[in-house]
Amino acid sequence: MIDPNVRRQLVLLSGGVLRELIRLSQECCRECMLELELASTKSDLVIDADILAAAVKTLRNQFARSLGSQLYELLVKIYADFTPPDAQSSEFLELLHGLYVLEYENDDLWYDLHPLVTDLLQRKQLLTSST
């Protein structure tokens with residue numbers, strides 16, 4: 001039901017967060033349901049790159065809707081440094097709780113942007129090659 005390359009992409013796009021993997025998968029299923037409504041005789045539907053692209057677009061736009069310009073600046077700083085300027089600021093905590101920023105812990109505690117948020121910043125040309 002899922003193209004093997006798409007399975008890999010789903011995992012990578014989730015940022016390693018199970019909840020995000022489920023959310024991406026759920027959005028892919030919504031896209032499949034739409035495909036089935038449009039072509040009800042189609043019996044070989046699988047989640048392929050086109051369905052994943054549509055799901056990613058929907059979720060990326062959901063992230064974009066609630067970001068203000070100040071939060072974009074903060075996201076760029078976090079992307080560049082893997083750490084927030086102030087981990088206790090209300091803006092950072094809002095981004096962390098909304099899963100715009102993901103927290104990772106191995107030898108050290110560090111942060112990175114959700115892969116869809118990184119894509120959003122790249123599309124807005126807010127990330128340069130030196131960032």
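Values below: every heavy atom of this structure, side chains too, minus hydrogens, waters and symmetry copies.
Using a 4.5 Å cut-off on side-chain heavy atoms (C-beta onward), Ser66 and Leu71 make no contact. In this structure, Leu102 and Leu113 have side chains that are not in contact, with every pair of non-hydrogen atoms separated by 4.5 Å or more. Counting only heavy atoms from C-beta outward, the side chains of Pro4 and Arg7 approach each other to under 4.5 Å. At a threshold of 4.5 Å between non-hydrogen side-chain atoms, the residues Asn61 and Leu120 do not count as touching.
Atom CG of Leu74 is separated from atom CD of Glu94 by 9.5 Å, given to the nearest 0.5 angstrom. The CD atom of Gln9 lies 11.0 Å from the SG atom of Cys28; values are rounded to the nearest 0.5 Å. Here the CG atom belonging to Asp112 is positioned 12.0 Å from the CD atom belonging to Glu103, to the nearest 0.5 angstrom.
Aromatic ring orientation, Trp110 versus Phe82: perpendicular (interplanar angle above 60°, classes split at 30° and 60°).
Judged by the 6.0 Å distance and 45° axis criteria, Arg123 is not positioned over the aromatic ring of Tyr72.
For an aromatic pair to be called close, the ring centres must be under 6.0 Å apart, and Tyr104 with Tyr111 fails this.
Screening residues 69-92 for salt bridge (Lys or Arg N to Asp or Glu O under 4.0 Å), with sequence neighbours left out, gives no hits.
Residue-environment remark: CG (Asn106) exceeds the threshold of 12 foreign heavy atoms within 6.0 Å.
A search for side-chain contact (heavy atoms from CB on, under 4.5 Å) contacts involving Val11 returns Leu21, not counting sequence neighbours.
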Going by atom type alone, with no hydrogens or angles, which donor-acceptor pairs under 3.5 Å involve a side-chain atom of residues 45-60 and a protein atom two or more places apart or on another chain?
residue : atom : partner : partner atom : Å
Asp48   : OD1  : Asp50   : N            : 3.2
Asp48   : OD1  : Ile51   : N            : 3.0
Thr58   : OG1  : Ala54   : O            : 3.1
Arg60   : NH1  : Asp119  : OD2          : 2.7

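Both Tyr79 and Tyr100 belong to a single network of hydrophobic side chains, linked directly or stepwise wherever heavy atoms of I, L, V, M, F, W or Y lie under 4.5 Å apart.
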